[in-house]
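First the proteins, then the strands, lettered A, B, ... as listed; each starts at 1.
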Amino acid sequence: MNQNQHSNSNDNDPSDEPTAASLNFIEQIVAGDNESGKHEGRVHTRFPPEPNGYLHIGHAKSICLNFGIATANGGKTNLRFDDTNPAKEETEYVDSIMEDVRWLGFQWDNVYFASDYFQQLYDFAEQLIKSGHAYVCSLDAEKTRSYRGGWNEAGKDSPYRSRDPEENLDLFRRMKAGEFTEGEHTLRAKIDMASPNMNMRDPTIYRIRKIKHHRTGSDWCIYPMYDYAHGISDSIERITHSICTLEFEHHRPLYNWFLETLDIFPSRQIEFARLNITHTMMSKRKLLELVQDNQVSGWDDPRMPTICGLRRRGYTPESIRNFCTRIGVTKQNSRHDMAWLEDALRADLNKRANRRAGVLRPLKVVIENYPEDQVEQLDAINNPEDESAGKRKVPFGRELYIERTDFMEDPPKKFFRLGPGREVRLRYGYFITCTDVIKNDAGEVVELRCSYDPETLGGQAPDGRRVRGTIHWVAAATAITAEVRLYDHLFQTTDPFEASPATDTLAEASYLNNLNENSLEVLTNCKLEPSLKDAAVGELYQFERLGYFCVDNKDSSPGNLVFNRSVTLRDTWAKMQRKK
RNA sequence: UACCCCGUAGUGUAAUGGUAACACCUGGGUUUUUGGUACCCAUAUUCUAGGUUCAAAUCCUAGCGGGGUAGCCA
């Protein structure tokens, strides 16, 4: 970064003026509206989750978009729970959603529920009936479907379409009073059964549901449908820009129809492409299936793309927000590489996380020429990217653990680590040379005998000799034993729904066959440096040369530390191995 | 089959009639007491074909390709 400030004096450029970030298409619409004075420059968005599941990274994109646009324009954002279907919605989800939005770093200006508007929505419905724009239909669900027609076939008018307003009003009031059974009647908008847009073929706007609602209890037995409730809720809140995903595109004419017919505040719906990421999926319904099938330990399993899963995995709000701004907003269906998300985390943590030593798969090393009882406290830098993080002391002794993968009995040419007769540097310690390899009866390497060069403390040899490799280590006497959980992609295929011909009969079932069986590896005998003893939930560390790790927020306790690997470091050595 | 939306390096985005840019991935290199970080280099007939224009990724037409839609779900 300094290089820019010291840009050459012969450079004619007066400055490295940062060019204004280009606006995405929604920001352009908002900017245009501000310019034309459409809502006197007012910008008001909303984030409208249905409380029927946990938020995931796809919602994070929407949250960042909605809150981001409001903030950038001095506007406001409401959190609104779209709770019009009592069969699916629960308070548990309401709480988790609020927690996740806050955790991501956003504060809503108002929190509302669509159920707050049930009375008003009902009143508007009576108004539509009176003006002849809605009628009570007594077709059952199956008949309704067949009357709707198909893509090549216009729908037929319901025989109840011509009921007069008085009869409709009476019937509707009796629906509300609970005089009918579920499915006996519905209220439908009277639009156009021949419309090429199915949503305009007299959509249902109220149905009878004799189910307790998580907020209104049994006050109501008729509930409004999404299309009806959503736009009107936007309008009631005077939302200027109602941002939603692409699958609602064909609903926009209906959205507008309600607002125009009722002649209420003209919120505008704008659609963008939902987020997809490789090796995972965003379907709330299928995520719920994974939870119910015990394919994962819960909504907050660190392999899940849920906000709570990512949080438990060690993702920071900053990294997620950063990811969301980097992926952009368009109307193109796309799938982002998981590497982007991981990269966003690494970029954040590289600057903030303190370094520590941890050995995942320990191999004992005895330094034969090191005094039996001697213990030295060596200086280690906490974070080379942040001098203010300071230093710490790390104990060194005659017996150490090193990473099993840092030793090879018969190393290939490019292997810079330990091998028989080879010399490496112990990070912040001495050069050691492997003098002997001890094996068990099965022929497995169980211990290494080494010698050290006392002149090389601090990692430099006075005679100027160099070593290619530097490895991490933990002194055996003072090591903490901990559990470490390693995670990999939940799905082995980039697209979880990709058919896997070997196992699939039904394409629909394929995503279970694409689960990565090795997505979780639990290591129970990891050796960590003693300074990690008091590591607290929420703390993130880089275990040098391995990756970023956080204390698990559920299963870890002071005496029994459990760490999750949030993301590995980039590993060019592993990459070379993989190519072979 | 009808309607709607979308086609720019491998991936994802930018350029809004005027030199196709950035990030990630991948490959190569420099630096390095983390095989990390940082830095440098490499990769495009802008889906195709016509048209408008001095000039088209951008505007028009057609084709092709991808996605979405027929809940009393959201």
Side-chain angles (χ1 to χ4, degrees), chain A residues 1 3 21-22 24-25 28 48-50 52 82-85 87-89 137 139-142 144-146 148-155 182-188 195-199 201 203-209 222-223 225-227 229-230 244-253 271 273 278 284-285 326-337 339-344 346-347 350-351 355 357 381 384-385 414-417 425-429 431 458-460 466-472 494 542-547 568-576 579:
Chain A
M1 329 168 176
Q3 285 154 329
S22 56
N24 66 49
F25 82 101
Q28 288 176 31
E50 181 188 13
N52 69 341
D82 227 326
D83 55 349
T84 55
N85 183 356
K88 292 190 184 174
E89 295 143 9
C137 180
L139 253 22
D140 63 28
E142 200 179 321
T144 304
R145 194 182 331 121
S146 65
R148 188 157 33 233
W151 290 319
N152 296 313
E153 175 199 4
E182 288 193 11
E184 205 173 338
H185 303 290
T186 57
L187 185 71
R188 300 176 68 179
S195 170
N197 182 343
M198 291 291 173
N199 296 116
R201 321 248 265 223
T204 301
I205 60 182
Y206 265 92
R207 77 293 211 184
I208 300 170
R209 264 359 213 131
I222 56 171
Y223 292 94
M225 297 285 291
Y226 165 86
D227 285 306
H230 196 93
C244 64
T245 45
L246 248 29
E247 65 269 28
F248 293 105
E249 228 161 0
H250 347 247
H251 295 243
R252 193 184 339 125
E271 312 85 13
T278 59
K284 264 200 268 183
R285 205 194 94 223
R326 285 207 293 179
I327 56 176
V329 178
T330 67
K331 300 187 76 159
Q332 296 175 42
N333 302 106
S334 59
R335 183 183 303 279
H336 286 77
D337 199 313
W340 275 56
L341 224 204
E342 297 176 341
D343 185 72
R346 285 193 197 101
N350 176 50
K351 297 214 179 68
R355 274 57 169 174
I381 294 165
E385 305 289 320
K414 291 269 185 109
F415 187 80
F416 304 143
R417 285 108 97 143
R425 173 168 38 232
L426 295 177
R427 178 82 157 148
Y428 299 124
F431 286 10
Q460 301 289 348
R466 325 258 316 210
V467 292
R468 282 303 293 272
T470 301
I471 65 174
H472 62 279
T494 54
Q542 183 193 106
F543 290 179
E544 288 206 14
R545 303 210 302 134
L546 298 175
T568 62
L569 253 29
R570 283 204 187 86
D571 189 345
T572 51
W573 169 247
K575 217 178 274 175
M576 285 164 63
K579 273 191 295 179

> When we call it a touch if two heavy atoms are under 4.0 Å apart, what does A/R425 touch: a base, just sugar-phosphate, or nothing?
Replying inline: base
> With sequence neighbours left out, what residues match A/T330 under side chain to side chain donor-acceptor pair (under 3.5 Å)?
Replying inline: none
>> Between B/G18 and B/A70, how far apart are the two C1' atoms, rounded to whole Å?
In response: 47 Å
> Under the salt bridge (charged side-chain N to carboxylate O under 4.0 Å, His left out) test, which residues partner A/R570, sequence neighbours left out?
Replying inline: A/D343
> Which is true for A/F431 with a 4.0 Å heavy-atom rule: it touches a base, it touches only sugar-phosphate, or it touches nothing?
Replying inline: nothing
> If each of A/S334 and A/E385 is mapped to the nucleotide of RNA chain B with the nearest heavy atom, which maps nearer the 5' terminus, i.e. the 5' end?
Replying inline: A/S334
> Can you tell me how far C1' in B/C59 sits from the matching atom in B/G67, rounded to whole Å?
Replying inline: 25 Å
> For RNA chain B, what string of dots and brackets results from 5' to 3' when Watson-Crick and G-U pairs need both distances under 3.5 Å, crossing pairs get [ ], and pairs with another strand get |?
Replying inline: .((((((..((((....[..)))).(((((.......)))))....(((((..]....))))))))))).....
Below 3.5 Å is the cut-off: list the nitrogen or oxygen pairs between protein and nucleotides 5-10 of chain B, distance only.
unit_1, atom_1, unit_2, atom_2, d
B/U8, OP2, A/Q332, OE1, 3.2

>> At less than 3.5 Å, do the side-chain atoms of A/R355 and the base atoms of B/U34 form a donor-acceptor pair?
In response: yes
>> For a quick check, with a 4.0 angstrom heavy-atom cut-off, what is the B/S/- contact string for nucleotides 69-74 of chain B, read 5' to 3'?
In response: BBSBBB
>> Please enumerate all residues that pass salt bridge (charged side-chain N to carboxylate O under 4.0 Å, His left out) together with A/R209, with sequence neighbours excluded.
In response: A/E182
>> Suppose we screen for side chain to side chain donor-acceptor pair (under 3.5 Å). Which residues come up paired with A/H251, at least two apart in sequence or across chains?
In response: A/D227
> Contact class for A/G459 vs. all strands (heavy atom < 4.0 Å): base, sugar-phosphate, or nothing?
Replying inline: base
>> By the 4.0 Å heavy-atom rule, please label A/Q542 as base, sugar-phosphate, or nothing.
In response: base
> How would you list, by chain and number, every residue that makes a salt bridge (charged side-chain N to carboxylate O under 4.0 Å, His left out) with A/E271, sequence neighbours excluded?
Replying inline: A/R252, A/K331
> Can you name the side chain to side chain donor-acceptor pair (under 3.5 Å) partners of A/R417, sequence neighbours left out?
Replying inline: A/D406
> For atom C1', what is the distance between B/C41 and B/U45, given to the nearest Å?
Replying inline: 24 Å
> Which part of the nucleic acid does A/E271 contact within heavy-atom distance under 4.0 Å: base, sugar-phosphate only, or nothing?
Replying inline: nothing
> Of all residues at least two apart in sequence or in a different chain, which pass the salt bridge (charged side-chain N to carboxylate O under 4.0 Å, His left out) check with A/R425?
Replying inline: none
> A/A339 has a side chain; which of B/C24, B/G27, B/U34 sits nearest to it?
Replying inline: B/C24
Pairs under 3.5 Å (N/O, protein and nucleotides 44-48 of chain B):
none

Please tabulate, one pair per line, each protein N/O and nucleotide N/O from nucleotides 19-21 of chain B that are separated by under 3.5 Å, including the distance.
none

>> Any base atoms under 4.0 Å from A/Y428, or only sugar-phosphate, or nothing? Heavy atoms, all strands.
In response: base
